[in-house]
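For ligands, and for the atoms within them, numbers begin at 1 and follow the listed sequence.
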Amino acid sequence: MSRVVVIGAGPMGLAAAHRAVNLGHEVDLVEADSVPGGMAAHFDFGGLSIERFYHFVCKSDAPTFALMDELGIGDRMRWKATSMGYYMKGKVHPWGDPISLLTFPHLSPIAKLRTGLQMFFTTKRRDFASIEALTARRWLEGGSGKEVYDKMWKRLMELKFYELSDDISASWIATRVKRIGNSRRSIFQEELGFIDGGSQTLVDALVSDFAAKGGRLHLSSPAEKVETAEGRVTGVTAGGLFFPADAVISTVPTPLISKLVPDMPSDWLQKYNAIRNIGVVCLLFKLKKSVTKNFWVNIVDPEIEIPGIIEFSNLRPVKDTIVYVPYYMPTTQPKWGWADQQFIDEAFGYIRRINPAIEPGDLMEATVGRLRHAQPVCQPNFREKLPPIETAISGLLIADTCFYYPEDRGVAESIRYGRLMAETVNPR
Ligand SMILES: Cc1cc2nc3c(=O)[nH]c(=O)nc-3n(C[C@H](O)[C@H](O)[C@H](O)COP(=O)(O)OP(=O)(O)OC[C@H]3O[C@@H](n4cnc5c(N)ncnc54)[C@H](O)[C@@H]3O)c2cc1C
């Protein structure tokens with residue numbers, strides 16, 4: 001069988017390496033970080049092992065469930081009734097079910113009807129090819145109406161994508177609406193999942209099964225160059241060592257490809273370089289009091305510069321209140337250069353505005369995680385912009401989280417793609 005080098009030990013790289021070793025290949029998995037898991041990795045937050053970036057599971061995440069079953073940890077999935085709120089005009093309003101929509105005070109009756117219909121039919125649609133050429137804005141204005149876009153969506157989009165917010169694909173947004181809209185116990189009750197012990201449970205199980213089957217994981221080993229000769233891969237230089245390979249699977253963000261694979265033909269490199277990503281500065285608070293009863297609260301308020309907060313302890317039960325505050329933005333934004341403490345002070349001020357009963361003494365701990373390539377920016381007709389995963393260099397496969405467009409980045413889809421890439425490797 002082949003010698004395979006997988007680059008990146010996030011969910012996609014772990015799934016690829018695990019599948020490749022199961023198929024009988026000899027596998028080296030190289031990871032730049034000192035821990036495996038990528039965006040789903042845990043860290044120690046004052047004695048609590050938790051994801052640096054919040055992670056929930058939806059009912060449609062079938063590749064995750066299948067892999068957990070295969071690893072013998074299928075019984076570690078947990079489901080919880082959750083809710084969403086919308087903070088608008090100084091108050092948190094319930095959102096996300098028919099009754100909340102009917103009683104929402106800031107939309108006209110016709111806007112409510114159109115929103116309800118658009119969201120309902122989106123959860124039932126099989127595919128979104130017919131809206132592929134539309135922007136999210138045009139699709140939402142056409143379905144729910146301009147009033148709804150302006151009041152409910154515009155600020156959320158602007159606070160995530162900034163200058164790019166008017167060029168986001170409708171199918172990408174619709175796929176997100178469908179994934180979350182279908183994660184329900186009934187039409188009246190949202191239900192989200194988490195893995196007992198967090199994403200680390202899955203990462204640990206993958207790493208240990210991979211190692212037990214002879215796979216080699218090399219942490220703190222950033223891949224520096226994919227080596228080639230006569231148009232095919234010969235190996236990877238990582239952490240100063242050379243790993244020979246008949247096939248290489250890269251799962252790192254595509255903006256890194258031109259440095260990693262300088263031998264790639266320039267028309268291919270142009271395609272990778274054209275894929276934009278935004279970054280995230282993700283804050284994590286440990287508090288003595290709950291902020292709201294909701295898992296997520298969307299925020300539309302001209303004086304609050306975040307699109308929402310995620311009260312994670314309303315999903316996964318942990319001792320204290322755990323709240324994530326993600327600041328997504330293009331890394332060209334001046335705010336990207338803010339110091340951690342500036343973000344913490346601003347976000348804690350917003351939390352106190354949402355729930356004025358929270359006092360300065362209720363803040364137990366806060367930390368900040370940053371990621372430069374956190375979210376690919378998918379424009380209309382994005383699929384046409386994607387190069388194939390089998391590249392111009394024989395034996396080299398490349399994908400990252402935007403390759404499963406129109407699905408948004410997610411653990412389940414990264415697992416599906418990682419396995420698919422491993423299955424594409426030809427035996428020597
Ligand atoms: C704030 C936030 C919230 C999220 N919430 C959810 C959620 O609720 N549910 C969900 O399913 N998904 C969620 N996701 C997305 C999910 O984490 C990703 O889709 C998934 O982790 C992607 O896995 P991946 O392996 O494709 O990429 P990554 O996790 O990015 O893995 C890539 C790996 O490559 C490594 N790497 C980079 N350069 C090199 C190099 N030169 N050499 C070697 N290694 C390298 C990186 O260190 C990383 O480990 C969230 C992400 C973020 C940022």
Does [X] have a non-hydrogen atom less than 4.0 Å from ligand 1?
{"X": "Thr401", "answer": "yes"}
{"X": "Tyr328", "answer": "yes"}
{"X": "Pro222", "answer": "yes"}

Which atom pair, heavy atoms only, marks the closest approach of [X] to [Y]?
{"X": "Ala174", "Y": "Ile131", "result": "CB-CD1, 3.9 Å"}
{"X": "Val35", "Y": "Ala41", "result": "CG2-CB, 4.3 Å"}
{"X": "Phe243", "Y": "Ala238", "result": "CE1-O, 3.7 Å"}

Around [atom], find the nearest protein heavy atom and jot down its residue, atom name and distance.
{"atom": "atom 8 (O) of ligand 1", "value": "Phe56 N, 2.9 Å"}
{"atom": "atom 20 (C) of ligand 1", "value": "Pro11 CG, 3.9 Å"}
{"atom": "atom 51 (C) of ligand 1", "value": "Arg409 NH1, 3.4 Å"}
{"atom": "atom 17 (O) of ligand 1", "value": "His55 NE2, 2.6 Å"}
{"atom": "atom 19 (O) of ligand 1", "value": "Gly410 N, 2.8 Å"}
{"atom": "atom 31 (O) of ligand 1", "value": "Gly10 CA, 3.4 Å"}
{"atom": "atom 32 (C) of ligand 1", "value": "Thr251 O, 3.9 Å"}
{"atom": "atom 5 (N) of ligand 1", "value": "Tyr54 O, 2.9 Å"}

Inset, instruction - Answer with yes or no whether the side chains of Ser60 and Asn182 bring together a donor and an acceptor at under 3.5 Å. - result: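 No, Ser60 and Asn182 have no side-chain donor paired with an acceptor closer than 3.5 Å.
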Legend entry - Flag for Glu190-Thr82: side-chain donor and acceptor within less than 3.5 Å: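 Glu190 and Thr82 do have a side-chain donor-acceptor pair below 3.5 Å.
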Proximal ligand 1 atoms for [X], defined as those under 4.0 Å from one of its heavy atoms:
{"X": "Ile7", "value": "42 (N), 43 (C)"}
{"X": "Leu256", "value": "38 (N)"}
{"X": "Tyr404", "value": "19 (O)"}
{"X": "Gly8", "value": "33 (C), 34 (O), 35 (C), 44 (N)"}
{"X": "Val30", "value": "43 (C), 44 (N)"}

Within a strict 4.5 Å, meaning less than it, do heavy atoms of the [X] and [Y] side chains meet?
{"X": "Trp268", "Y": "Ile398", "answer": "no"}
{"X": "Leu396", "Y": "Met264", "answer": "yes"}
{"X": "His18", "Y": "Leu71", "answer": "yes"}
{"X": "Arg409", "Y": "Tyr404", "answer": "yes"}
{"X": "Leu241", "Y": "Ser221", "answer": "no"}

Between [X] and ligand 1, does any nitrogen or oxygen pair lie at a separation below 3.5 Å?
{"X": "Leu371", "value": "no"}
{"X": "Val411", "value": "yes"}
{"X": "Ala32", "value": "yes"}
{"X": "Met39", "value": "yes"}
{"X": "Cys282", "value": "no"}

Legend entry - Distance in Å, Ser208 OG paired with Lys213 NZ, rounded so as to fall on 0.5 Å steps: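 Atom-to-atom, Ser208:OG and Lys213:NZ are 9.5 Å apart.
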Legend entry - Per-residue contact class, Arg179 against ligand 1 - non-hydrogen pairs under 4.0 Å: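 Only the side chain of Arg179 comes within reach of ligand 1.
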Inset, instruction - Answer side chain, backbone, both or neither: which part of Tyr417 comes under 4.0 Å from ligand 1, heavy atoms only. - result: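 Neither part.
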On a heavy-atom basis, I'd like to know which of [options] is closest to [atom].
{"atom": "atom 47 (O) of ligand 1", "options": "Glu413, Glu31, Glu407, Met12", "result": "Glu31"}
{"atom": "atom 45 (C) of ligand 1", "options": "Leu14, Asp408, Val252", "result": "Val252"}
{"atom": "atom 40 (C) of ligand 1", "options": "Ala223, Gly279, Ser414", "result": "Ala223"}

Inset, instruction - Determine, step by step, whether Ser169 and Tyr405 satisfy the side chain to side chain donor-acceptor pair (under 3.5 Å) criterion, reporting the C-alpha distance in whole Å, the side-chain angles of both residues, the deciding distance to 0.1 Å, and the verdict. - result: CA-CA 10 Å; Ser169 147; Tyr405 172 86; 2.6 Å; yes
Legend entry - Among Trp296, Tyr324, Trp79, ring pair (Phe, Tyr, Trp, His ring centres under 6.0 Å) partner for Phe56: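 Output: one option passes, namely Trp296.
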Legend entry - Derivation of the salt bridge (charged side-chain N to carboxylate O under 4.0 Å, His left out) call for Glu227 and Lys225: CA-CA 6 Å; Glu227 309 287 354; Lys225 187 167 179 249; 3.1 Å; yes
Inset, instruction - Sequence neighbours left out, what passes salt bridge (Lys or Arg N to Asp or Glu O under 4.0 Å) with Arg383? Give chain and number order. - result: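 Arg383: no salt bridge (Lys or Arg N to Asp or Glu O under 4.0 Å) contacts found.
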